[in-house]
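The chains referred to below are lettered A, B, ... by the order of the sequence lines, with proteins before strands, and numbering in each begins at 1.
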Amino acid sequence: MIIRKPGIYKLDEINDYLASPNMSNAQSQYARKEPVILHVDMDAFFASVEQKERPWLVGKPVVVGGDPQKRHGVVAAASYAAREYGIKAGMPLLTAKRLCPHAIFLIGTDGDKYEYVSSHLLGIFYQFTPQVEPYSIDEAFLDITGCERLFGPPAQLAKRLKEKIKKQLGLSCSVGIAPNKLLAKLASSLNKPDGLTLISRDKIKEILSPLEVTKLCGIGDKTERVLSSLGIHTLGELASYPVEVLKRKFGKNGEWLHLVANGIDCSPVFSQIMPEKSMGHQRTLPEDITQPEDINSVLLALSSMVARRLREKRFVGRTITLRVRYSDFVSLTRSETIARPTCSEHIIFRVAQKLGLGLVAGIRRVRLLGLSVSHLTRDRQSLQTSLPFVEYIDKRKRIYSVMDRIRDRFGEESIRWAGATTFV
Amino acid sequence: MDQEINQPVEVMVVFEKGRMIPVRFRWNGRVIKITKITGWWRANEGKFRIRHFAVIDHNSQFFQLTYKERTAEWFLSKIWVE
(Lines give C-alpha, C1' and ligand atoms only; values in the text may rest on other atoms or scores of the structure.)
Protein backbone atom coordinates (compact mmCIF):
# COMPACT_ATOMS: atom_id res chain seq x y z
CA MET A 1 0.00 0.00 0.00
CA ILE A 2 1.25 3.49 -0.76
CA ILE A 3 0.08 6.31 1.42
CA ARG A 4 0.04 9.36 -0.78
CA LYS A 5 -2.55 11.64 0.77
CA PRO A 6 -4.04 12.37 4.17
CA GLY A 7 -6.80 9.95 5.16
CA ILE A 8 -7.82 7.33 7.66
CA TYR A 9 -5.69 4.20 7.56
CA LYS A 10 -5.62 1.10 9.71
CA LEU A 11 -2.76 0.77 12.17
CA ASP A 12 -1.41 -2.30 10.30
CA GLU A 13 -1.35 -0.32 7.07
CA ILE A 14 0.60 2.49 8.71
CA ASN A 15 3.07 0.03 10.23
CA ASP A 16 3.54 -1.66 6.88
CA TYR A 17 4.14 1.69 5.25
CA LEU A 18 6.69 2.71 7.88
CA ALA A 19 8.53 -0.59 7.38
CA SER A 20 8.53 -0.26 3.58
CA PRO A 21 11.86 0.34 1.78
CA ASN A 22 10.66 3.76 0.57
CA MET A 23 10.09 4.98 4.10
CA SER A 24 13.34 3.51 5.41
CA ASN A 25 15.22 5.53 2.81
CA ALA A 26 13.22 8.62 3.64
CA GLN A 27 13.86 8.15 7.34
CA SER A 28 17.57 7.77 6.85
CA GLN A 29 17.66 11.03 4.93
CA TYR A 30 15.13 13.26 6.60
CA ALA A 31 14.14 11.80 9.98
CA ARG A 32 15.42 13.67 12.99
CA LYS A 33 19.14 13.15 13.37
CA GLU A 34 21.14 13.03 16.55
CA PRO A 35 21.46 16.56 17.87
CA VAL A 36 24.72 18.39 17.27
CA ILE A 37 25.25 21.29 19.63
CA LEU A 38 28.04 23.85 19.52
CA HIS A 39 29.10 25.96 22.48
CA VAL A 40 31.12 29.04 21.52
CA ASP A 41 33.03 30.76 24.30
CA MET A 42 35.12 33.84 23.55
CA ASP A 43 38.62 33.73 25.03
CA ALA A 44 39.09 36.33 27.82
CA PHE A 45 36.51 38.44 25.97
CA PHE A 46 36.82 41.92 27.53
CA ALA A 47 40.61 41.70 27.77
CA SER A 48 40.90 40.46 24.15
CA VAL A 49 38.74 43.35 22.86
CA GLU A 50 41.06 45.82 24.64
CA GLN A 51 44.16 44.03 23.33
CA LYS A 52 42.85 44.20 19.79
CA GLU A 53 42.47 47.98 20.15
CA ARG A 54 45.93 48.33 21.68
CA PRO A 55 48.05 45.78 19.79
CA TRP A 56 51.12 46.30 22.03
CA LEU A 57 49.18 44.73 24.91
CA VAL A 58 48.92 41.35 23.17
CA GLY A 59 50.67 38.67 25.23
CA LYS A 60 50.91 40.91 28.29
CA PRO A 61 49.02 40.49 31.58
CA VAL A 62 45.94 42.68 31.10
CA VAL A 63 43.16 43.05 33.65
CA VAL A 64 39.83 44.70 32.84
CA GLY A 65 37.94 45.79 35.92
CA GLY A 66 35.09 47.88 37.26
CA ASP A 67 35.61 51.37 38.58
CA PRO A 68 36.67 51.25 42.27
CA GLN A 69 35.31 54.80 42.71
CA LYS A 70 31.89 53.36 41.94
CA ARG A 71 32.78 50.42 44.20
CA HIS A 72 32.75 47.97 41.32
CA GLY A 73 36.36 47.12 42.07
CA VAL A 74 36.41 43.55 40.82
CA VAL A 75 38.12 41.86 37.89
CA ALA A 76 35.75 41.57 34.89
CA ALA A 77 38.26 39.69 32.72
CA ALA A 78 41.93 38.78 32.77
CA SER A 79 44.10 37.95 29.76
CA TYR A 80 45.68 34.49 29.71
CA ALA A 81 49.05 36.01 30.63
CA ALA A 82 47.39 37.55 33.73
CA ARG A 83 45.70 34.25 34.60
CA GLU A 84 49.15 32.67 34.94
CA TYR A 85 49.53 34.81 38.08
CA GLY A 86 46.30 33.41 39.52
CA ILE A 87 44.10 36.37 38.55
CA LYS A 88 40.48 35.35 37.91
CA ALA A 89 37.23 37.11 37.02
CA GLY A 90 35.28 38.21 40.10
CA MET A 91 38.41 38.70 42.20
CA PRO A 92 38.85 42.09 43.96
CA LEU A 93 41.17 44.37 41.98
CA LEU A 94 43.34 44.88 45.05
CA THR A 95 44.02 41.15 45.22
CA ALA A 96 44.77 41.11 41.48
CA LYS A 97 47.26 43.99 41.95
CA ARG A 98 48.94 42.08 44.75
CA LEU A 99 49.25 38.95 42.62
CA CYS A 100 50.65 40.78 39.59
CA PRO A 101 51.73 44.36 40.33
CA HIS A 102 53.12 44.89 36.81
CA ALA A 103 49.84 43.87 35.08
CA ILE A 104 48.13 46.51 32.95
CA PHE A 105 44.86 47.49 34.59
CA LEU A 106 42.14 48.93 32.36
CA ILE A 107 39.55 50.32 34.71
CA GLY A 108 36.00 51.48 34.04
CA THR A 109 36.01 50.58 30.33
CA ASP A 110 33.00 51.17 28.10
CA GLY A 111 30.28 48.51 28.49
CA ASP A 112 28.64 49.65 25.22
CA LYS A 113 31.75 48.52 23.37
CA TYR A 114 31.45 44.91 24.56
CA GLU A 115 27.71 44.83 23.82
CA TYR A 116 28.38 46.10 20.30
CA VAL A 117 31.02 43.43 19.65
CA SER A 118 28.69 40.82 21.16
CA SER A 119 25.87 41.82 18.79
CA HIS A 120 28.27 41.39 15.82
CA LEU A 121 29.20 37.99 17.17
CA LEU A 122 25.55 37.00 17.26
CA GLY A 123 25.21 38.12 13.65
CA ILE A 124 28.04 35.73 12.67
CA PHE A 125 26.33 32.84 14.51
CA TYR A 126 23.09 33.46 12.60
CA GLN A 127 24.99 33.02 9.32
CA PHE A 128 25.36 29.34 10.25
CA THR A 129 22.05 28.49 11.99
CA PRO A 130 18.89 30.24 13.18
CA GLN A 131 18.97 28.07 16.33
CA VAL A 132 21.14 30.31 18.53
CA GLU A 133 20.80 30.70 22.29
CA PRO A 134 22.92 33.54 23.69
CA TYR A 135 24.13 32.34 27.09
CA SER A 136 25.99 35.47 28.17
CA ILE A 137 27.65 38.47 26.50
CA ASP A 138 30.47 36.23 25.19
CA GLU A 139 28.96 32.73 25.04
CA ALA A 140 26.26 31.03 23.00
CA PHE A 141 24.85 27.64 22.14
CA LEU A 142 24.18 26.81 18.48
CA ASP A 143 22.05 23.88 17.37
CA ILE A 144 23.63 22.82 14.08
CA THR A 145 21.70 19.56 13.68
CA GLY A 146 21.16 18.96 9.98
CA CYS A 147 23.56 21.69 8.80
CA GLU A 148 26.00 19.19 7.27
CA ARG A 149 24.71 19.67 3.74
CA LEU A 150 25.41 23.40 3.89
CA PHE A 151 28.63 23.51 5.86
CA GLY A 152 30.02 19.98 5.99
CA PRO A 153 30.73 17.96 9.15
CA PRO A 154 30.37 19.76 12.54
CA ALA A 155 34.13 20.14 13.03
CA GLN A 156 34.45 21.78 9.62
CA LEU A 157 31.58 24.15 10.41
CA ALA A 158 33.19 25.03 13.75
CA LYS A 159 36.50 25.74 12.02
CA ARG A 160 34.80 28.06 9.53
CA LEU A 161 32.96 29.80 12.37
CA LYS A 162 36.21 30.36 14.26
CA GLU A 163 37.91 31.71 11.14
CA LYS A 164 35.03 34.09 10.46
CA ILE A 165 35.12 35.46 14.02
CA LYS A 166 38.89 35.90 13.80
CA LYS A 167 38.67 37.66 10.43
CA GLN A 168 35.74 39.94 11.18
CA LEU A 169 36.31 40.74 14.86
CA GLY A 170 39.99 39.91 15.34
CA LEU A 171 39.14 37.74 18.35
CA SER A 172 39.69 34.08 19.17
CA CYS A 173 37.18 31.70 20.69
CA SER A 174 36.95 28.13 21.94
CA VAL A 175 34.33 25.82 20.52
CA GLY A 176 32.89 22.64 21.98
CA ILE A 177 30.88 20.17 19.88
CA ALA A 178 28.74 17.50 21.54
CA PRO A 179 25.32 15.80 21.42
CA ASN A 180 23.92 18.13 24.12
CA LYS A 181 24.41 21.57 25.70
CA LEU A 182 25.97 20.29 28.91
CA LEU A 183 28.72 18.39 27.09
CA ALA A 184 29.23 21.13 24.49
CA LYS A 185 29.91 23.64 27.28
CA LEU A 186 32.28 21.22 28.95
CA ALA A 187 34.03 20.55 25.62
CA SER A 188 34.66 24.27 24.97
CA SER A 189 36.33 24.59 28.39
CA LEU A 190 38.68 21.63 27.92
CA ASN A 191 40.99 23.18 25.37
CA LYS A 192 41.27 26.94 25.92
CA PRO A 193 42.27 29.32 24.40
CA ASP A 194 41.51 29.01 20.67
CA GLY A 195 40.41 25.38 21.09
CA LEU A 196 38.10 23.09 19.15
CA THR A 197 36.96 20.02 21.07
CA LEU A 198 34.52 17.36 19.99
CA ILE A 199 32.90 14.91 22.39
CA SER A 200 31.30 12.10 20.44
CA ARG A 201 28.70 9.84 22.02
CA ASP A 202 31.06 6.86 22.29
CA LYS A 203 33.71 8.92 24.13
CA ILE A 204 31.44 10.51 26.76
CA LYS A 205 32.26 8.09 29.57
CA GLU A 206 35.96 8.06 28.77
CA ILE A 207 36.20 11.88 28.80
CA LEU A 208 33.93 12.54 31.78
CA SER A 209 35.18 9.87 34.21
CA PRO A 210 38.52 11.36 35.28
CA LEU A 211 37.29 14.99 35.45
CA GLU A 212 36.67 16.81 38.73
CA VAL A 213 32.98 17.29 39.51
CA THR A 214 33.24 21.09 39.33
CA LYS A 215 34.18 20.86 35.64
CA LEU A 216 30.49 20.48 34.83
CA CYS A 217 28.33 23.59 34.56
CA GLY A 218 25.96 23.75 37.55
CA ILE A 219 28.19 21.99 40.10
CA GLY A 220 29.68 24.68 42.31
CA ASP A 221 31.85 24.81 45.42
CA LYS A 222 28.94 24.12 47.80
CA THR A 223 27.86 20.93 46.01
CA GLU A 224 31.48 19.92 45.63
CA ARG A 225 31.98 20.09 49.42
CA VAL A 226 28.97 17.85 50.06
CA LEU A 227 30.05 15.41 47.33
CA SER A 228 33.54 15.40 48.75
CA SER A 229 32.14 14.40 52.16
CA LEU A 230 30.57 11.40 50.40
CA GLY A 231 33.97 10.49 48.94
CA ILE A 232 33.01 11.67 45.44
CA HIS A 233 35.67 13.71 43.66
CA THR A 234 35.42 12.80 39.99
CA LEU A 235 32.52 12.60 37.55
CA GLY A 236 33.18 8.89 37.16
CA GLU A 237 32.67 8.38 40.90
CA LEU A 238 29.50 10.50 40.80
CA ALA A 239 28.13 8.59 37.79
CA SER A 240 28.42 5.25 39.55
CA TYR A 241 27.15 6.47 42.93
CA PRO A 242 23.69 5.11 43.92
CA VAL A 243 21.12 7.62 42.70
CA GLU A 244 18.85 6.94 45.70
CA VAL A 245 21.55 8.12 48.13
CA LEU A 246 22.09 11.24 46.00
CA LYS A 247 18.34 11.94 46.07
CA ARG A 248 18.27 11.64 49.86
CA LYS A 249 21.22 14.01 50.18
CA PHE A 250 20.32 16.58 47.50
CA GLY A 251 16.56 16.13 47.00
CA LYS A 252 15.47 16.75 43.39
CA ASN A 253 19.01 17.78 42.46
CA GLY A 254 20.24 14.28 43.32
CA GLU A 255 18.71 12.84 40.19
CA TRP A 256 20.02 15.75 38.12
CA LEU A 257 23.55 15.13 39.46
CA HIS A 258 23.29 11.48 38.45
CA LEU A 259 22.14 12.38 34.95
CA VAL A 260 24.74 15.07 34.26
CA ALA A 261 27.55 12.88 35.59
CA ASN A 262 26.51 10.38 32.92
CA GLY A 263 26.52 13.13 30.29
CA ILE A 264 22.72 13.23 29.94
CA ASP A 265 21.08 16.59 29.28
CA CYS A 266 17.84 17.06 27.38
CA SER A 267 17.57 20.86 27.54
CA PRO A 268 16.94 22.31 24.08
CA VAL A 269 18.68 25.31 22.53
CA PHE A 270 16.27 28.17 23.26
CA SER A 271 16.46 30.25 20.14
CA GLN A 272 13.32 32.22 20.96
CA ILE A 273 13.51 35.24 23.21
CA MET A 274 11.93 34.16 26.48
CA PRO A 275 9.07 36.32 27.73
CA GLU A 276 10.23 38.61 30.49
CA LYS A 277 9.12 37.62 33.98
CA SER A 278 10.32 40.68 35.83
CA MET A 279 12.06 43.97 35.23
CA GLY A 280 14.37 45.66 37.64
CA HIS A 281 17.46 47.71 38.31
CA GLN A 282 19.99 47.71 41.10
CA ARG A 283 22.90 49.96 41.95
CA THR A 284 25.93 49.70 44.18
CA LEU A 285 26.07 53.16 45.74
CA PRO A 286 29.26 55.26 45.51
CA GLU A 287 29.28 55.34 49.33
CA ASP A 288 27.27 53.66 52.07
CA ILE A 289 24.14 55.56 53.09
CA THR A 290 21.93 55.54 56.20
CA GLN A 291 19.80 58.68 55.98
CA PRO A 292 16.15 58.14 54.91
CA GLU A 293 16.26 61.09 52.46
CA ASP A 294 19.30 59.61 50.69
CA ILE A 295 17.61 56.22 50.51
CA ASN A 296 14.40 57.77 49.16
CA SER A 297 16.38 59.66 46.55
CA VAL A 298 17.90 56.39 45.26
CA LEU A 299 14.53 54.59 45.43
CA LEU A 300 12.88 57.35 43.38
CA ALA A 301 15.58 57.09 40.70
CA LEU A 302 15.26 53.29 40.61
CA SER A 303 11.44 53.49 40.49
CA SER A 304 11.68 55.87 37.56
CA MET A 305 14.08 53.57 35.68
CA VAL A 306 11.95 50.47 36.26
CA ALA A 307 8.70 52.24 35.32
CA ARG A 308 10.26 53.66 32.18
CA ARG A 309 11.33 50.17 31.09
CA LEU A 310 7.86 48.77 31.81
CA ARG A 311 6.24 51.47 29.70
CA GLU A 312 8.79 51.05 26.92
CA LYS A 313 7.98 47.33 26.64
CA ARG A 314 4.27 47.93 27.27
CA PHE A 315 4.09 45.93 30.49
CA VAL A 316 2.45 46.50 33.84
CA GLY A 317 3.30 44.56 37.01
CA ARG A 318 1.81 43.82 40.40
CA THR A 319 4.63 42.62 42.65
CA ILE A 320 7.26 45.12 43.75
CA THR A 321 10.43 43.76 45.31
CA LEU A 322 13.05 45.77 47.15
CA ARG A 323 16.55 44.37 47.60
CA VAL A 324 18.99 45.82 50.10
CA ARG A 325 22.63 44.90 50.62
CA TYR A 326 24.25 46.27 53.74
CA SER A 327 27.89 47.26 54.17
CA ASP A 328 28.58 43.84 55.75
CA PHE A 329 27.35 42.24 52.46
CA VAL A 330 24.24 40.76 54.10
CA SER A 331 21.34 41.02 51.63
CA LEU A 332 17.61 41.13 52.34
CA THR A 333 14.57 41.33 50.08
CA ARG A 334 10.97 42.30 50.73
CA SER A 335 8.01 42.19 48.33
CA GLU A 336 4.50 43.50 48.16
CA THR A 337 1.78 42.63 45.69
CA ILE A 338 -0.61 45.46 44.88
CA ALA A 339 -4.21 45.13 43.74
CA ARG A 340 -3.86 46.68 40.27
CA PRO A 341 -0.89 46.22 37.97
CA THR A 342 1.05 49.40 37.33
CA CYS A 343 3.79 51.06 35.33
CA SER A 344 3.68 54.28 37.34
CA GLU A 345 6.91 55.32 39.07
CA HIS A 346 4.89 57.07 41.78
CA ILE A 347 3.07 53.90 42.77
CA ILE A 348 6.25 51.80 42.56
CA PHE A 349 8.12 54.41 44.62
CA ARG A 350 5.39 54.54 47.30
CA VAL A 351 5.47 50.75 47.72
CA ALA A 352 9.29 50.71 47.70
CA GLN A 353 9.34 53.41 50.34
CA LYS A 354 6.98 51.34 52.52
CA LEU A 355 9.07 48.21 52.03
CA GLY A 356 12.19 50.21 52.81
CA LEU A 357 10.86 51.30 56.19
CA GLY A 358 11.35 47.79 57.51
CA LEU A 359 14.71 47.22 55.86
CA VAL A 360 16.62 50.46 55.94
CA ALA A 361 15.17 52.29 58.92
CA GLY A 362 17.89 51.05 61.25
CA ILE A 363 21.42 52.20 61.74
CA ARG A 364 22.83 49.67 59.29
CA ARG A 365 24.68 51.19 56.39
CA VAL A 366 23.27 50.43 52.95
CA ARG A 367 25.68 49.50 50.14
CA LEU A 368 23.29 48.46 47.36
CA LEU A 369 19.64 49.03 46.53
CA GLY A 370 17.63 47.15 43.93
CA LEU A 371 14.05 47.38 42.79
CA SER A 372 12.11 45.05 40.53
CA VAL A 373 8.54 44.56 39.35
CA SER A 374 7.20 41.08 38.59
CA HIS A 375 3.86 39.38 37.82
CA LEU A 376 3.95 41.20 34.52
CA THR A 377 1.03 41.44 32.13
CA ARG A 378 0.57 43.35 28.90
CA ASP A 379 -0.57 46.93 29.44
CA ARG A 380 -4.21 46.84 28.35
CA GLN A 381 -5.37 49.52 30.73
CA SER A 382 -4.11 52.59 28.96
CA LEU A 383 -7.55 53.16 27.52
CA GLN A 384 -9.26 52.75 30.85
CA THR A 385 -6.94 55.12 32.69
CA SER A 386 -7.17 57.75 30.01
CA LEU A 387 -10.89 58.21 30.38
CA PRO A 388 -11.61 61.90 30.98
CA PHE A 389 -13.04 61.47 34.48
CA VAL A 390 -9.81 59.92 35.76
CA GLU A 391 -8.26 63.34 35.56
CA TYR A 392 -5.51 62.91 38.14
CA ILE A 393 -4.22 59.65 36.66
CA ASP A 394 -4.49 61.11 33.20
CA LYS A 395 -2.35 64.09 34.18
CA ARG A 396 0.38 61.80 35.49
CA LYS A 397 0.19 59.67 32.38
CA ARG A 398 0.72 62.76 30.28
CA ILE A 399 3.77 63.71 32.37
CA TYR A 400 5.19 60.19 31.97
CA SER A 401 4.55 60.34 28.26
CA VAL A 402 6.35 63.68 27.88
CA MET A 403 9.29 62.47 29.99
CA ASP A 404 9.53 59.29 27.94
CA ARG A 405 9.57 61.28 24.71
CA ILE A 406 12.31 63.58 26.02
CA ARG A 407 14.38 60.53 27.02
CA ASP A 408 13.76 58.88 23.65
CA ARG A 409 15.16 61.95 21.94
CA PHE A 410 17.95 63.11 24.25
CA GLY A 411 18.90 60.07 26.33
CA GLU A 412 18.03 58.52 29.67
CA GLU A 413 19.80 61.12 31.79
CA SER A 414 18.26 64.09 30.02
CA ILE A 415 15.39 64.46 32.51
CA ARG A 416 14.69 63.16 36.00
CA TRP A 417 12.41 63.82 38.94
CA ALA A 418 13.56 66.48 41.39
CA GLY A 419 14.80 64.55 44.40
CA ALA A 420 15.92 61.53 42.41
CA THR A 421 19.61 60.77 42.57
CA THR A 422 21.70 60.42 39.43
CA PHE A 423 23.83 57.36 38.85
CA VAL A 424 26.16 58.89 36.26
CA MET B 1 47.09 53.22 30.98
CA ASP B 2 44.18 55.15 29.53
CA GLN B 3 43.87 58.83 30.34
CA GLU B 4 40.56 60.63 29.93
CA ILE B 5 40.86 63.77 27.79
CA ASN B 6 37.31 64.64 26.60
CA GLN B 7 38.39 67.66 24.53
CA PRO B 8 36.70 68.82 21.31
CA VAL B 9 38.85 68.17 18.25
CA GLU B 10 38.67 68.78 14.50
CA VAL B 11 38.57 65.55 12.53
CA MET B 12 38.96 64.91 8.81
CA VAL B 13 36.69 62.09 7.71
CA VAL B 14 36.31 59.93 4.60
CA PHE B 15 32.96 58.40 3.75
CA GLU B 16 33.43 55.08 2.01
CA LYS B 17 30.90 52.34 1.23
CA GLY B 18 28.48 53.82 3.75
CA ARG B 19 31.10 53.96 6.46
CA MET B 20 32.56 56.98 8.20
CA ILE B 21 36.34 56.67 8.52
CA PRO B 22 38.36 59.28 10.45
CA VAL B 23 41.72 59.82 8.72
CA ARG B 24 43.39 62.64 10.69
CA PHE B 25 42.62 65.05 13.48
CA ARG B 26 43.98 68.21 15.01
CA TRP B 27 44.73 68.25 18.73
CA ASN B 28 46.78 70.82 20.66
CA GLY B 29 47.83 72.47 17.39
CA ARG B 30 49.23 69.18 16.07
CA VAL B 31 47.79 67.23 13.12
CA ILE B 32 47.75 63.52 13.88
CA LYS B 33 47.49 61.10 10.96
CA ILE B 34 45.54 57.97 11.72
CA THR B 35 47.30 54.87 10.40
CA LYS B 36 44.90 52.21 11.68
CA ILE B 37 41.43 51.97 13.18
CA THR B 38 41.75 49.19 15.75
CA GLY B 39 38.19 49.21 17.02
CA TRP B 40 34.83 50.92 16.60
CA TRP B 41 31.47 50.75 18.27
CA ARG B 42 28.43 52.86 18.83
CA ALA B 43 26.02 53.70 21.61
CA ASN B 44 22.72 55.53 21.77
CA GLU B 45 21.96 58.88 23.33
CA GLY B 46 18.21 58.98 22.95
CA LYS B 47 17.49 58.71 19.25
CA PHE B 48 20.97 59.95 18.38
CA ARG B 49 24.06 57.84 18.00
CA ILE B 50 27.44 58.21 19.56
CA ARG B 51 30.22 56.64 17.48
CA HIS B 52 33.51 55.65 19.02
CA PHE B 53 36.76 54.91 17.18
CA ALA B 54 39.89 53.40 18.69
CA VAL B 55 42.77 54.51 16.47
CA ILE B 56 46.56 54.52 16.38
CA ASP B 57 49.04 56.83 14.63
CA HIS B 58 52.37 55.99 12.95
CA ASN B 59 54.09 55.91 16.38
CA SER B 60 51.49 53.35 17.58
CA GLN B 61 50.13 55.99 19.93
CA PHE B 62 46.55 55.13 20.91
CA PHE B 63 43.64 57.58 20.78
CA GLN B 64 39.90 57.18 21.25
CA LEU B 65 37.80 59.54 19.14
CA THR B 66 34.08 60.06 19.73
CA TYR B 67 31.54 61.56 17.36
CA LYS B 68 28.24 62.80 18.82
CA GLU B 69 25.53 62.85 16.17
CA ARG B 70 23.25 65.10 18.21
CA THR B 71 25.65 68.04 18.15
CA ALA B 72 27.78 66.90 15.19
CA GLU B 73 30.90 67.27 17.33
CA TRP B 74 34.09 65.24 17.63
CA PHE B 75 35.90 64.67 20.90
CA LEU B 76 39.21 63.14 21.82
CA SER B 77 38.00 60.92 24.65
CA LYS B 78 41.11 59.03 25.71
CA ILE B 79 44.79 58.67 25.04
CA TRP B 80 47.24 56.01 26.18
CA VAL B 81 50.01 57.12 28.53
CA GLU B 82 52.84 54.88 29.78
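Atom CE of B:Met20 has more than 12 neighbouring heavy atoms from other residues, nucleotides or ligands inside a 6.0 Å radius.
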Inter-chain donor/acceptor N,O pairs below 3.5 Å: chain A to chain B:
residue  : atom : partner : partner atom : Å
A:Lys52  : NZ   : B:Thr38 : O            : 3.0
A:Glu53  : O    : B:Thr38 : OG1          : 2.8
A:Arg54  : NE   : B:Asp2  : OD1          : 3.4
A:Arg54  : NH2  : B:Asp2  : OD1          : 3.0
A:Arg54  : NH2  : B:Asp2  : OD2          : 2.6
A:Asp110 : OD2  : B:Trp41 : NE1          : 3.2
A:Asp408 : O    : B:Lys47 : N            : 2.5
A:Arg409 : O    : B:Lys47 : N            : 3.3

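Neither the backbone nor the side chain of A:Ile107 comes within contact range of chain B; no heavy atoms are under 4.5 Å apart.
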